[in-house]
Amino acid sequence: MTAMVNVVEILRGRGLVEAVTAPELEGVLTKPATVYAGFDPTSASLQAGNLVAVMAQAHFQRAGHSVIALIGGATGMIGDPSGKDQERQLLSVETVRRNADGIRENLSRFLDFSHPSAPARIVNNYDWLGGFSYLEFLRDVGKHFRMGTMLGRESVRARLNSAAGMSYTEFSYQMLQAYDFLHLYDTAGCTVQVGGSDQWGNITAGIDLIRRQRGAEAYGLTTPLICDSNGQKFGKSEGNAVYLNADRTSPYAFYQFFFRSADTDVIRYLKTFTFAPLEEIAGLEAQTAAEPEKRAAQRRLAVDVTRGVHGEAGLQSAERASAVLFGESMDGLNADELLDVFRDVPSIVLPRAQVAGAAVVALAELAGLCATRGAARRLIESGGFYVNNRRVADLAVTVGDGDLVNGRLLVLRSGKKNFYLVKVE
RNA sequence: GGUGGGGUACCCAAGUGGCCAAAGGGAGCAGACUGUAAAUCUGCCGGCUAACGCCUUCGAAGGUUCGAAUCCUUCCCCCACCA
């Protein structure tokens, strides 16, 4: 058998390694291993921040290892206290199930489930934890945990010292995740767990359990928490999370999120969120230094990630919309072309009677572009309001039939980049 | 349970009878400059209004007063120290 590529080295080179539990991991990975990462079904879609763990797993699979994505159908009902300062709201069984389906869809874009020798697998820990009785669990699992160790975990200590405190339920979380690791070790020969840096405690809990119960060594690798150069957690756009599902974050908005990356972040992001070879990234870095206004690195980042998540069709619609919105004029486009370009932009349908003859202030509020009439007034007075890409700074201006593209479409805009489509019927 | 300190707008925080829709900072929105970046500067930032102004807000409910975020009463919640 030919020597395997050193996946840890690849991950390091891309800034995807925060820490490993033992240096021997690299040696272990010279032979095919089974690697798992868990995903919390708190939402029906993964967020951009989750891409770090997903990419790490994809690199493992590309290097010839078997990967398992674990959806926390059971643990999601309990709530992982790691990195949270509040007790979590419990999710219903139904919600967790629905969310698990959404996440499965997201993951399928990155992991190869039909790989000939090592197909990726998705498992749900509800399948083995759901039927556990409390007594059984205490006897078979809880017995192997020491209070001192559990209380010493960072996630527990931080919460016990906080005003919010911690419930017994959340305190028990670490045992469940540890048991997952043991279960996957037993049933799939899984010896490596990958997770965010906040997962360190949960991962080592699993490693301890496997050592105690089976006398075997298991390993963990954590990925760093990605922040932008301002120290803000990665994956928020205008205060909202960036999701992978198209119905939550449109391909256009998704593309734009990456395209707007700062120069100081974009090279790091390319390494982390794309498979672009490091030599190419070095080239883009040089180009960014020489002619930053071309935004070549940002474009490459946006293109690669959007294609990965939304496919070729999603990428094309995002690029087409971006070209029109930020470059070419929208004059000369008819309503159908505009509808196509703005497919991903928020829109509202209004009856003709409410639009024709309406003052722009009223319209901005009515369409939902501004929360209140006053906000609409201020926006217009400060010169940040556009109708069909033309600035309107006068409150008294009204919209007439002649302003509607093909008599049925109006493009509103706030600031440089927030478009809003009004469909008239 | 005792004692002390608190609850002010999205967040932090000043304000102890009228000049308070409430200082300052942060976040946010917009403008200028740029490159859809960063930094900087400017404006806005409870609601309605073209504006004068009107309405609702300072933990909750009552009360005193011409007038209350500010004083009084009761209640709720939080924090610190002690038990």
Side-chain angles (χ1 to χ4, degrees), chain A residues 85-87 159-165 226-234 236-242 249-270 273 284-303 305-306 315 318-330 341-342 344-346 358-387 389-398 411-420:
Chain A
D85 55 5
Q86 286 286 317
E87 180 91 10
R159 276 285 287 283
L160 287 180
N161 289 332
S162 80
I226 307 291
C227 292
D228 67 20
S229 43
N230 295 320
Q232 297 299 305
K233 201 170 160 190
F234 173 84
K236 293 270 193 286
S237 168
E238 330 250 303
N240 299 314
V242 175
T249 299
S250 70
Y252 161 74
F254 187 85
Y255 177 94
Q256 285 291 325
F257 169 74
F258 285 95
F259 193 85
R260 284 185 194 129
S261 300
D263 293 357
T264 42
D265 294 324
V266 68
I267 299 304
R268 211 154 38 88
Y269 291 173
L270 276 167
F273 298 111
L284 287 165
E285 187 169 13
Q287 204 179 338
T288 296
E291 36 184 20
E293 71 284 358
K294 293 266 176 68
R295 306 181 72 79
Q298 279 89 342
R299 173 161 284 114
R300 175 64 186 270
L301 174 68
V303 166
V305 184
T306 306
L315 170 64
E319 281 197 303
R320 203 167 42 238
S322 300
V324 172
L325 302 185
F326 292 99
E328 305 140 31
S329 155
M330 57 171 270
V341 162
F342 286 101
D344 298 330
V345 157
V360 285
V361 213
L363 199 59
E365 185 202 5
L366 188 64
L369 187 74
C370 298
T372 65
R373 182 64 74 95
R377 188 181 311 123
R378 289 190 296 265
L379 176 67
I380 294 168
E381 282 174 344
S382 64
F385 182 71
Y386 301 77
V387 175
N389 267 358
R390 268 186 290 275
R391 176 179 284 177
V392 176
D394 182 353
L395 295 175
V397 169
T398 58
V411 180
L412 304 184
R413 190 176 120 206
S414 146
K416 279 197 179 91
K417 51 202 180 192
N418 302 303
F419 289 84
Y420 213 96

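Order of the sequence lines sets the chain letters (A, B, ...), proteins ahead of strands, with each chain counted from 1.
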Whole-Å distance separating the CZ atom of A:R260 from the P atom of B:U36: 11 Å
P atoms of B:C19 and B:G35, separation to the nearest Å: 49 Å
For atom CZ of A:R299 and atom P of B:A37, their distance in whole Å: 14 Å
Nucleotide opposite B:C81 in a Watson-Crick or G-U pair, distances under 3.5 Å: B:G2
A:L270 side, atom CG; A:L301 side, atom CG - distance, nearest 0.5 Å: 5.0 Å
Of the listed nucleotides B:G35, B:C48, B:A37, the one nearest the side chain of A:A262: B:A37
A:S250 side, atom OG; A:Q256 side, atom CD - distance, nearest 0.5 Å: 9.0 Å
side-chain N/O A:S322 vs B:U36 OP1/OP2, d < 4.0 Å: no
Rounded distance in Å between the C1' positions of B:C77 and B:A61: 15 Å
B:A37 OP1/OP2 closer than 4.0 Å to side-chain N/O of A:K417: yes
Spacing of the P atoms in B:C58 and B:A23 (rounded, Å): 16 Å
Closest nucleotide among B:A50, B:A30, B:G35 to the A:E293 side chain: B:G35
Test ring pair (Phe, Tyr, Trp, His ring centres under 6.0 Å) applied to A:Y420 and A:F385, step by step: CA-CA 11 Å; A:Y420 213 96; A:F385 182 71; over 10 Å; no
Spacing of A:R268 atom CZ relative to B:A37 atom C1', expressed in whole Å: 14 Å
Euclidean distance, A:K416 NZ relative to A:L325 CG, rounded to 0.5 Å: 14.5 Å
Residue matched to B:C29 through Watson-Crick or wobble contacts both under 3.5 angstrom: B:G43
Watson-Crick or G-U wobble mate for B:U34, both contacts under 3.5 Å: none
Nearest-Å distance for atom pair CG/P, residues A:L379 and B:C29: 12 Å
Distance, rounded to the nearest Å, where A:F419 contributes CZ and B:A30 contributes P: 12 Å
Test item: A:Y269 and A:Q298 side chains (from C-beta on) under 4.5 Å apart, heavy atoms: no
Nucleotide forming a Watson-Crick or wobble pair with B:C71, both distances under 3.5 Å: B:G63
Separation of B:G35 C1' from A:K294 NZ (nearest whole Å): 11 Å
Whole-Å distance separating the CD atom of A:Q287 from the P atom of B:A37: 19 Å
B:A68 to B:G5 separation - P atoms, rounded to the nearest Å: 27 Å
A:Q287 side, atom CD; A:K294 side, atom NZ - distance, nearest 0.5 Å: 7.0 Å
Touch class at under 4.0 angstrom, heavy-atom based, for A:E381 against every strand present: nothing
Partner nucleotide of B:C20 by Watson-Crick or wobble geometry (both distances under 3.5 Å): none
Nucleic acid contacts - residues 367-378 of chain A versus RNA chain B, non-hydrogen atoms under 4.0 Å: A:T372, A:R373, A:G374, A:R377, A:R378
Whole-Å C1' distance, B:C82 and B:C75: 26 Å
Sugar-phosphate only, base, or nothing, as touched by A:R391 at under 4.0 Å among non-hydrogen atoms: sugar-phosphate
Pairwise P distance for B:A30 and B:C79, with rounding to whole Å: 38 Å
Interatomic distance at P, B:A69 relative to B:A60, whole Å: 12 Å
Protein-nucleotide distance (A:L412, atom CG; B:C29, atom P), rounded to Å: 18 Å
Distance test, side-chain N/O of A:N418 to OP1/OP2 of B:A30, below 4.0 Å: yes
Gap between atom OG1 of A:T249 and atom CZ of A:F257 - 0.5 Å precision: 9.5 Å
Short side-chain to backbone donor-acceptor contact, A:S382 and A:L379, under 3.5 Å: yes
Approximate separation, where rounding is to 0.5 Å, of A:D265 CG and A:F258 CZ: 12.0 Å
For B:U57, the Watson-Crick or wobble partner whose two distances fall under 3.5 Å: none
C1' gap between B:C12 and B:G6, integer Å: 15 Å
Sugar-phosphate, base or nothing in reach of A:E291, heavy atoms under 4.0 Å: nothing
A:Y252 and A:F259 aromatic centres sub-6.0 Å: no
Phosphate-side-chain proximity, A:Y386 and B:G31, N/O vs OP1/OP2 below 4.0 Å: yes
